[in-house]
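One structure is given here, and the rest of the page talks about it.
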Amino acid sequence: MSNLKGEFLDICVRNKILCFGEFTLKSGRSSPYFFNAGLFNTGELLRQLAKFYALLISAELKNDFMLYGPAYKGIPLAAAIAVQLANHQKRNVAYAFNRKETKHHGEGGNIVGAALNGDVVIVDDVITAGTSINESVKIIKSAGAKPCAIAIALDRQEIADGDTQSAVQKIEQQYNMPVLSLLNMDDLVNYLRSTQEYRQYYDAVAAYRDAYGSN
């Protein structure tokens, strides 16, 4: 595991953004861990989260791009990542986000920020059913821009009952573009195996991955 992944996992665990125990998911499954990106809810935590996103995106994408954050969790992400890209990567990147409802006065429309143009990176916390991503791709394409990548915090690498691919795999195949993640399930298992303080959770999380994880 890279130092950056380990550092990010330490932040998540210390701040209880990543918790271990028994959690009932929306799917009805009982999960031995739960990741809540909404708990990056202070200026310092958001700064650190955006730093990791900026490092990931800059390492993977060398051409020009802009950021798009789907409402609602993607909105602060897009803004904060743009700041980190400017401050530390010397990349002055435009960003935009959508409103849930179209505004019919003032500037109007449902897009706030820069006009969607060129290559666009969608930033979000996780991909569950892919609904938010599907809507984002439609909005970006309708503006004449090109969605070129998706950046998320965690890829659960989990296959829903009756499926043969994870949500991330299906999105990558459907749109022929990469999904970049700060962490995935394999990273989490490796972290628990190598970290004495949290080693007690390894067996349960590894068993969950073996039961529901994608290859």
Side-chain angles (χ1 to χ4, degrees), residues 12 17 25-27 34-58 60-61 63-89 91-156 167-168 170-182:
C12 291
I17 294 159
L25 304 180
K26 189 176 181 180
S27 64
F34 186 71
F35 181 80
N36 183 2
L39 294 180
F40 284 98
N41 56 12
T42 68
E44 176 57 21
L45 286 173
L46 181 59
R47 181 194 69 79
Q48 293 187 68
L49 176 62
K51 177 192 75 172
F52 288 107
Y53 270 96
L55 288 168
L56 173 68
I57 294 169
S58 282
E60 297 292 335
L61 302 176
N63 295 331
D64 291 339
F65 61 86
M66 68 173 293
L67 300 174
Y68 174 81
Y72 290 101
K73 288 183 179 179
I75 295 174
L77 274 178
I81 294 167
V83 171
Q84 290 294 315
L85 285 167
N87 282 348
H88 301 292
Q89 306 299 320
R91 300 182 73 163
N92 187 24
V93 171
Y95 75 93
F97 56 89
N98 68 307
R99 296 185 178 95
K100 284 289 188 179
E101 296 180 358
T102 300
K103 185 177 180 182
H104 296 291
H105 60 279
E107 74 276 18
N110 70 332
I111 300 298
V112 181
L116 292 169
N117 182 54
D119 286 349
V120 182
V121 179
I122 302 167
V123 294
D124 213 340
D125 57 346
V126 297
I127 294 176
T128 304
T131 304
S132 174
I133 298 300
N134 292 330
E135 292 175 352
S136 297
V137 168
K138 183 178 179 180
I139 289 170
I140 293 166
K141 286 186 173 181
S142 68
K146 176 188 174 184
C148 68
I150 302 162
I152 58 175
L154 174 68
D155 176 4
R156 291 180 61 93
V168 165
K170 288 193 288 187
I171 288 292
E172 287 185 320
Q173 183 179 70
Q174 180 178 356
Y175 295 114
N176 191 30
M177 64 177 168
V179 176
L180 315 174
S181 62
L182 298 178

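Throughout, residue positions are numbered sequentially from 1 according to the sequence presented.
Each of Ile150, Ile75, Ile57 was checked for a side-chain contact (heavy atoms from CB on, under 4.5 Å) with Val123, and the lone residue meeting it is Ile57.
The side-chain contact (heavy atoms from CB on, under 4.5 Å) test applied to Asn87 returns Val83, not counting sequence neighbours. Residues satisfying the ring pair (Phe, Tyr, Trp, His ring centres under 6.0 Å) criterion with Phe34, sequence neighbours excluded, are Phe23. Residues satisfying the side chain to side chain donor-acceptor pair (under 3.5 Å) test with Arg47, not counting sequence neighbours, are Glu44. The side-chain contact (heavy atoms from CB on, under 4.5 Å) search around Leu182 returns Phe8, Leu49, Phe52, Tyr53, Leu56, Ala153, not counting sequence neighbours. Applying the side-chain contact (heavy atoms from CB on, under 4.5 Å) criterion to Thr128, with sequence neighbours excluded, gives Val126. Annotation: side chain to side chain donor-acceptor pair (under 3.5 Å) contacts of Asp125 (sequence neighbours excluded): Lys73. With sequence neighbours excluded, the residues satisfying side chain to side chain donor-acceptor pair (under 3.5 Å) with Asn134 are Tyr175. When the side-chain contact (heavy atoms from CB on, under 4.5 Å) test is applied to Ile139, the partners found at least two apart in sequence or on another chain are Tyr68, Asn98, Asn110, Ile111, Leu116. Remark: Ser181 pairs with no residue by the side chain to side chain donor-acceptor pair (under 3.5 Å) rule, at least two apart or across chains.
Two residues are said to be in side-chain contact when any heavy atoms from C-beta on lie closer than 4.5 Å; Val179 and Ile133 fail this criterion. Counting only heavy atoms from C-beta outward, the side chains of Leu67 and Leu85 approach each other to under 4.5 Å. Side-chain contact check for Pro178 versus Glu60: every heavy-atom pair is 4.5 Å or farther apart. No side-chain heavy atom of Phe35 sits under 4.5 Å from any side-chain heavy atom of Arg156. The closest side-chain heavy-atom distance from Met177 to Pro147 is below 4.5 Å.
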CA sep, side-chain torsions, deciding dist, call: Gln174, Val137, side chain to side chain contact (heavy atoms under 4.5 Å, CB included): CA-CA 11 Å; Gln174 180 178 356; Val137 168; over 6 Å; no
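How far SG of Cys148 is from CG of Leu61: 5.5 Å, rounded to the nearest 0.5 Å.
Here side-chain hydrogen bond (donor to acceptor under 3.5 Å, both in side chains) pairs that include residues 138-149, with residues two or more places apart or in two chains, number zero.
By the 6.0 Å contact criterion, CZ on Phe40 is enclosed, its count of non-hydrogen atoms from other residues, nucleotides or ligands being greater than 12.
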